[in-house]
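Everything numeric in this text was worked out from a predicted model, so none of it was measured. In the text below, chain A, chain B and the rest are named by the order of the sequence lines, each starting its count at 1.
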Amino acid sequence: MSFRRRRVVYGLVAIVLGGNLASFIFFEQLWPYSPYPMFARARELTFETLALVGEPVDGGEIWFESQGYLSHQVSPMVITNGFWNDVYGPGMNGLDEHLRETYEFYERRRRKGLSNAPPLRRLQLYRFNWTLRRDLANLRTPRRTLIASYPSDDRPAQ
Amino acid sequence: VRFAAAWHRFWFPPRRAEDLAVCRILFAAGMFPVGLSRPIHEWGEVPAFLHQPADFLRLLRIPILDTGVLQGMEFVWLGAMVTLAVGWYSRTSAAVVCLGSLYLFGIDAPEFLGRAVTAGVFVPAILAVSYCGDVLSVDAWLCRRRGQVINRPAEEYGWPARLVCVFLSYMFFAGGVAKIRVTGFPEWMLSNETTRDLLLGHYWYASRDRALWPVGAQLLQIYAGAGVALGMITQFAELLYPLALFVRAARLTVVPVVLAILIGIMVTMGPFFHLTMLAHVFWVPWSSVDHRRRR
């Protein structure tokens with residue numbers, strides 16, 4: 001192999017491994033470099049998350065999981081991260097506005113036929129809290145705290 | 001001089017062109033359904049407050065484009081995977097796949113959901129610099145038709161697989177060290193973390209996807225210490241993974257154990273490290289496998 005070609009290969013090695021090494025040393029994630037810290041924390045057998053819950057016009061409730069009601073890319077983890085700053089930031093700034101935006105997005109997709117979601121009377125943001133049990137007796141019964149609701153009174157959203 | 005020679009031998013082992021070509025075909029063909037299964041273009045219509053693009057896109061003020069434009073980019077990106085698999089404009093195709101992954105996976109919440117797809121950026125980048133289309137490709141067929149003969153040193157076909165394997169070794173070793181840095185050794189493996197993750201698959205989302213077949217609770221009901229046992233196996237396998245670069249016995253034990261762990265994580269917890277699993281094709285000396293099969 002020529003010297004020039006070897007230099008090109010070592011340049012690539014520096015880009016692939018050098019960035020990852022920096023990410024490892026500073027323990028910072030900068031896509032696509034990562035120190036791969038998944039599952040690294042030792043946590044208790046509890047789980048807390050923010051969750052969107054819809055009240056369909058026909059009654060009952062739906063939990064927003066990965067049904068694709070808000071597009072297939074908006075998974076429950078994306079919802080939690082999206083609302084996190086609203087909920088835990090100072091004064092819950094922007095929460096009501098973002099809940100309204102989410103509701104309108106949901107309705108827009110539903111009316112265009114992009115999802116098979118039912119029409120909603122209300123959209124609510126909850127904090128779900130579970131104690132994880134081996135017998136799974138509390139799967140659908142988390143401790144729930146209502147954080148915000150759109151619309152916030154009893155008027156139908158439409 | 002001895003160190004320089006060893007260094008050169010490490011990075012440039014002689015390999016057959018077919019080995020690299022088979023890796024190219026398997027990785028590109030395996031990546032195609034992964035790209036197809038993720039409608040990343042839908043980010044173009046999602047409310048902006050839910051956008052969680054990579055920090056570097058924010059810093060460089062690179063926007064999340066409209067759905068139509070993203071759909072076009074996805075089409076080119078997926079097309080490049082196909083041309084990379086068949087070996088037509090192989091290096092250009094690999095470069096397009098790399099850049100497409102960097103941007104498209106980069107807008108897909110990569111800072112907390114993207115660790116499973118980093119191989120989708122780095123492996124095509126490595127293929128783009130390598131001569132991965134010299135055999136078993138449309139490029140090679142066109143060369144033969146033009147009467148051109150490709151004659152390169154065998155080292156050209158060895159370094160790409162070596163770099164992918166070093167990257168994989170970093171990935172798992174860093175994962176093992178992160179557990180020590182954040183929680184401590186042996187505190188992490190003796191903690192409830194693996195038990196928690198096994199149970200969480202039944203309850204909610206630990207990642208983009210739900211557990212494929214949540215059996216963690218059943219496993220823990222059979223043996224309460226399963227979480228700690230699996231935690232120990234996981235952390236030791238991660239920390240020992242780089243040994244596979246130097247020791248054949250480690251290659252034959254640690255690498256399959258790590259693959260089994262990744263499958264176990266997908267089945268019981270949800271996170272699906274598809275491209276990381278796929279990148280393991282670079283460990284296999286395909287021509288030796290074929291040679292043994294024929295004997």
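Using a 4.5 Å heavy-atom threshold, the side chains of A:Thr102 and B:Phe49 count as touching. Within the 4.5 Å cutoff, the side chain of A:Met1 has no heavy atoms near those of the B:Arg152 side chain. B:Val177 places a side-chain heavy atom less than 4.5 Å from the side chain of A:Phe24. A heavy-atom distance below 4.5 Å is found between the side chains of A:Arg134 and B:Thr195.
Contacts of A:Val78 with chain B are made by both backbone and side-chain atoms, with heavy-atom separations under 4.5 Å. Proximity to chain B (any heavy atom under 4.5 Å) is restricted, for A:Phe105, to the side chain, taken from C-beta onward. Contact annotation for B:Leu163: only side-chain heavy atoms (C-beta onward) come within less than 4.5 Å of a heavy atom of chain A. Using a 4.5 Å cut-off between heavy atoms, A:Leu17 contacts chain B through its side chain alone, with no backbone atom that close. Both the backbone and the side chain of A:Phe27 have a heavy atom closer than 4.5 Å to some heavy atom of chain B. The parts of B:Ile40 that come within reach of chain A are both its backbone and its side chain, each placing non-hydrogen atoms under 4.5 angstrom from that chain. For B:Ile180, no part sits under 4.5 Å from any heavy atom of chain A, backbone or side chain. With a 4.5 angstrom heavy-atom cutoff, A:Thr80 does not touch chain B via any of its atoms. Only the side chain of B:Arg181 comes within contact range of chain A, judged by heavy atoms closer than 4.5 Å. Neither the backbone nor the side chain of B:Ala154 comes within contact range of chain A; no heavy atoms are under 4.5 Å apart. Looking at B:Ser101, only its backbone comes within 4.5 Å of chain A, counting heavy atoms on both sides. Within the 4.5 angstrom heavy-atom criterion, atoms from both the backbone and the side chain of B:Glu155 approach chain A. Of the atoms belonging to A:Arg133, heavy atoms from both backbone and side chain fall under 4.5 Å from chain B.
B:Phe10 CZ: more than 12 foreign heavy atoms inside a 6.0 Å radius. Within 6.0 Å of the OH atom in A:Tyr88, the count of heavy atoms belonging to other residues, nucleotides or ligands exceeds 12. The local environment of CZ in A:Arg144 is crowded, with over 12 non-hydrogen atoms from other residues, nucleotides or ligands closer than 6.0 Å.
Separating the CD atom in B:Glu193 from the CG atom in A:Leu45 is a distance of 9.5 Å, to the nearest 0.5 Å. B:Arg38 CZ to A:Gln73 CD: the interatomic distance, rounded to the nearest 0.5 Å, is 7.0 Å. Here the straight-line distance linking atom CD of B:Glu238 with atom CZ of A:Phe39 works out to 9.5 Å at 0.5 Å rounding. A distance of 4.5 Å separates OH of B:Tyr170 from OG of A:Ser23, quoted to the nearest 0.5 Å. Note that CG of A:Asn20 is 7.5 Å distant from OG1 of B:Thr118, once rounded to the nearest 0.5 Å. Taking OG of A:Ser71 as the reference point, atom CD of B:Glu45 lies at 6.0 Å (rounded to 0.5 Å).
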After noting the C-alpha distance and the side-chain angles of A:Trp31 and B:Leu102, does the key distance pass the side-chain contact (heavy atoms from CB on, under 4.5 Å) rule?
CA-CA 8 Å; A:Trp31 166 257; B:Leu102 192 64; 4.0 Å; yes
Under the side-chain contact (heavy atoms from CB on, under 4.5 Å) criterion, do B:Arg196 and A:Leu132 qualify, and how do the steps go?
CA-CA 7 Å; B:Arg196 179 185 186 275; A:Leu132 307 179; 3.6 Å; yes
What do the steps show when you test A:Arg43 against B:Asp197 for side-chain contact (heavy atoms from CB on, under 4.5 Å), and what is the final call?
CA-CA 10 Å; A:Arg43 292 164 289 188; B:Asp197 294 324; 3.9 Å; yes
Is there a side-chain contact (heavy atoms from CB on, under 4.5 Å) between A:Arg5 and B:Tyr131 once you walk through the steps?
CA-CA 12 Å; A:Arg5 179 73 184 141; B:Tyr131 293 109; 3.4 Å; yes
Which is it for B:Asn192 and A:Glu44 under the side chain to side chain donor-acceptor pair (under 3.5 Å) test, yes or no, and what are the steps along the way?
CA-CA 7 Å; B:Asn192 271 329; A:Glu44 297 300 313; 5.2 Å; no
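Each of B:Pro110, B:Gly176, B:Ser130 has some count of heavy-atom pairs under 4.5 Å with chain A, and the biggest count is that of B:Pro110. Ranked by heavy-atom pairs under 4.5 Å with chain A, the list B:Gly120, B:Gly231, B:Ser207 is led by B:Ser207. The most heavy-atom pairs under 4.5 Å with chain B, out of A:Pro76, A:Pro35, A:Gly94, A:Pro142, come from A:Pro76. Between chain A and the residues B:Gln52, B:Arg208, B:Lys179, the largest count of heavy-atom pairs under 4.5 Å involves B:Gln52. Here A:Glu65 is the residue among A:Arg109, A:Glu65, A:Met38 with the most heavy-atom pairs under 4.5 Å with chain B. Heavy-atom pairs under 4.5 Å with chain B peak, among A:Ser75, A:Pro37, A:Gly11, at A:Pro37. When B:Pro153, B:Pro39, B:Pro271 are compared by the number of non-hydrogen pairs under 4.5 Å with chain A, B:Pro39 comes out ahead. Between chain A and the residues B:Leu219, B:Asp108, B:Leu57, the most heavy-atom pairs under 4.5 angstrom are made by B:Asp108. Counting heavy-atom pairs under 4.5 Å between each of A:His72, A:His98, A:Met77 and chain B puts A:His98 at the top. Annotation: maximal heavy-atom pairing with chain A below 4.5 Å, among B:Phe172, B:Trp11, B:Phe12, B:Phe173, occurs at B:Phe12.
A:Gln29 and B:Arg115 are linked by a side-chain donor-acceptor pair at a separation below 3.5 angstrom, with hydrogens and angles left out of the test. Checked by atom type, the side-chain pair A:Thr49/B:Tyr205 shows no donor-acceptor distance below 3.5 Å.
A donor-acceptor contact shorter than 3.5 Å is absent between the side chain of B:Ser191 and the backbone of A:Ala42. Side chain of B:Tyr203 to main chain of A:Asn138: no donor-acceptor pair is present (N/O by atom type, distance under 3.5 Å, no hydrogens or angles).
Relative ring orientation between B:Trp204 and A:Trp130 is described as tilted, the plane-to-plane angle lying within the 30° to 60° band. Taking the six-membered ring where the residue is Trp, B:Phe122 and A:Tyr33 present tilted rings, their angle falling between 30° and 60°.
Applying the side-chain contact (heavy atoms from CB on, under 4.5 Å) test between B:Val129 and each of A:Ile15, A:Leu12, A:Val16, A:Val13 identifies A:Leu12 as the sole match.
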